[in-house]
Structures are given as structure tokens and as C-alpha cells.
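See below for the structure under consideration.
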Amino acid sequence: MITNISITSVFVKDVDASKAFYIDVLGFEEHTDVTLGDGYRWCTVKHPNQPELEVHLTIPGPPYSPGMVTEMNRALDDGGMFALGLRVDDCQKTYDELRAKGVAFIQTPEERPYGVEAVARDNSGNWMVLVEPRAFNPADFA
């Protein structure tokens with residue numbers, strides 16, 4: 001039986017730079033950083049409030065086809081990849097704190113039926129959605 005989600009992958013341009021961003025800017029912690037056979041690097045970080053979920057930071061490559069790797073890198077360069085949805089206690093405060101650390105935002109905090117949302121980019125250009133959630137029902141979207 002499935003008990004939870006334990007890992008998700010985020011494609012990045014540079015593992016070292018992304019690891020530093022997720023740790024130093026976002027407050028994640030290092031979990032694993034090892035180099036396996038054929039030089040493959042397995043690097044994961046985790047959030048201290050959710051240690052059971054590892055975020056695998058990886059550069060596009062095998063087993064994906066060369067064409068797929070090219071497209072994934074193009075999507076990273078264009079800022080068209082999604083990374084993570086992050087729950088926050090206070091979206092405006094988190095927005096202000098992350099902007100002060102140099103994080104680029106493509107959407108300022110805005111009211112939505114499900115809460116307050118802002119959209120940032122990690123240092124590889126991936127979208128990160130910050131949400132200060134609130135209770136809602138489907139009629140709120142009408």
C-alpha cells in the first residue's frame with residue numbers, strides 16, 4: 001500500500017548552485033549528495049518541516065533521449081518548467097523576505113479563491129508557487 005510521497009525531482013541547470021539556493025535562500029536542508037556510477041550525481045534536499053519528502057535536484061540527462069534533454073534544457077532556459085508548490089504562513093511576508101534575498105518573482109501576492117498566491121523562479125528559472133491557503137469550495141471559482 002502507498003503510504004506517502006517520498007521524493008520528487010526538480011530539473012536544474014547546475015546542481016551545486018541549485019543546492020545552495022534551496023538551502024541558503026529557501027531554508028531547505030541537505031539530505032543526500034553522492035556521485036554514483038558513470039558520474040551520475042544523486043543530490044536531494046528536504047524541508048525541515050517535511051523531512052519525509054526529498055527534493056531531487058538533477059540536470060536533464062539519461063535515461064531521457066538526447067532530443068528530450070535538449071527540450072528540457074530549452075524549457076529551463078525559457079523559464080517554462082515547474083518546480084514546487086510551497087505552502088507559506090504569510091505570503092506577503094515570504095514574498096518580501098525572498099525578494100530581499102534576490103529571488104525573482106513573476107507574480108506578486110494576489111488573492112485567489114484558495115488563498116494568497118505568488119509565483120517566483122528558482123535559480124534555474126523553474127516556477128515556484130507560494131500559497132497561503134484558506135478553506136474554499138468549488139463555488140468560490142464561479
Side-chain angles (χ1 to χ4, degrees), residues 1-36 39-142:
M1 176 181 281
I2 297 171
T3 59
N4 67 2
I5 297 171
S6 63
I7 192 161
T8 188
S9 293
V10 174
F11 290 101
V12 299
K13 295 178 183 181
D14 179 296
V15 173
D16 288 321
S18 293
K19 179 181 167 184
F21 176 86
Y22 278 79
I23 291 171
D24 299 337
V25 176
L26 299 182
F28 283 62
E29 299 173 342
E30 180 177 337
H31 185 267
T32 306
D33 193 348
V34 297
T35 301
L36 305 172
Y40 179 76
R41 186 166 176 192
W42 182 260
C43 179
T44 64
V45 295
K46 61 184 180 174
H47 192 277
N49 292 341
Q50 195 174 15
E52 72 279 6
L53 178 61
E54 295 176 60
V55 178
H56 173 224
L57 304 173
T58 188
I59 295 171
Y64 295 102
S65 70
M68 182 67 162
V69 170
T70 298
E71 291 304 316
M72 293 166 85
N73 282 315
R74 181 177 300 147
L76 282 169
D77 290 340
D78 292 345
M81 297 281 278
F82 180 80
L84 300 171
L86 303 171
R87 180 179 288 225
V88 299
D89 293 329
D90 183 326
C91 194
Q92 183 66 52
K93 181 179 177 185
T94 304
Y95 167 84
D96 293 339
E97 290 170 351
L98 292 177
R99 278 198 42 137
K101 292 180 176 182
V103 175
F105 278 80
I106 57 175
Q107 177 191 297
T108 59
E110 295 183 19
E111 290 286 332
R112 302 281 189 235
Y114 48 83
V116 181
E117 172 191 85
V119 181
R121 292 196 189 277
D122 71 9
N123 63 327
S124 289
N126 293 302
W127 291 35
M128 298 183 305
V129 179
L130 283 64
V131 177
E132 175 188 336
R134 70 168 161 250
F136 68 92
N137 64 56
D140 296 333
F141 290 88

How many angstroms lie between atom [atom1] of [X] and atom [atom2] of [Y], to the nearest 0.5 angstrom?
X	Y	atom1	atom2	result
T44	L57	OG1	CG	8.0 Å
E132	Y95	CD	OH	15.0 Å
Q92	E110	CD	CD	11.0 Å
K46	S6	NZ	OG	12.5 Å
L76	R121	CG	CZ	10.5 Å
R74	E71	CZ	CD	4.0 Å

Assign the ring pair F11 / Y64 to parallel, tilted or perpendicular, where the plane angle (0 to 90°) is split at 30° and 60°. perpendicular
For residues [X] and [Y], determine if any side-chain heavy atom of one lies less than 4.5 Å from a side-chain heavy atom of the other.
X	Y	result
V12	F21	no
T58	V15	no
D122	M81	no
T8	L84	yes
D33	R41	yes
M128	L26	yes
E30	I23	yes
V129	E117	yes

Check: [Y] main-chain N/O paired with [X] side-chain donor or acceptor under 3.5 Å:
X	Y	answer
K101	V25	yes
S124	K13	yes
W127	G79	yes
R112	P133	no
N73	T70	no
N123	A17	yes

Are E111 and R134 close enough for a salt bridge, meaning some N to O gap below 4.0 Å? yes
Does D78, at its CG atom, have more than 12 non-hydrogen atoms belonging to other residues, nucleotides or ligands within less than 6.0 Å? yes
Return yes when atom CD1 of I5 has more than 12 non-hydrogen atoms of other residues, nucleotides or ligands closer than 6.0 Å, and no otherwise. no
At their closest point, which heavy atom of F105 faces which heavy atom of A120, and how far apart are they? CE2-CB, 3.6 Å
Closest non-hydrogen atoms of P48 and F28, given as atom of the first, atom of the second and distance, are CD-CA, 4.3 Å
Residues passing the side chain to side chain donor-acceptor pair (under 3.5 Å) test with E29, sequence neighbours excluded, are none
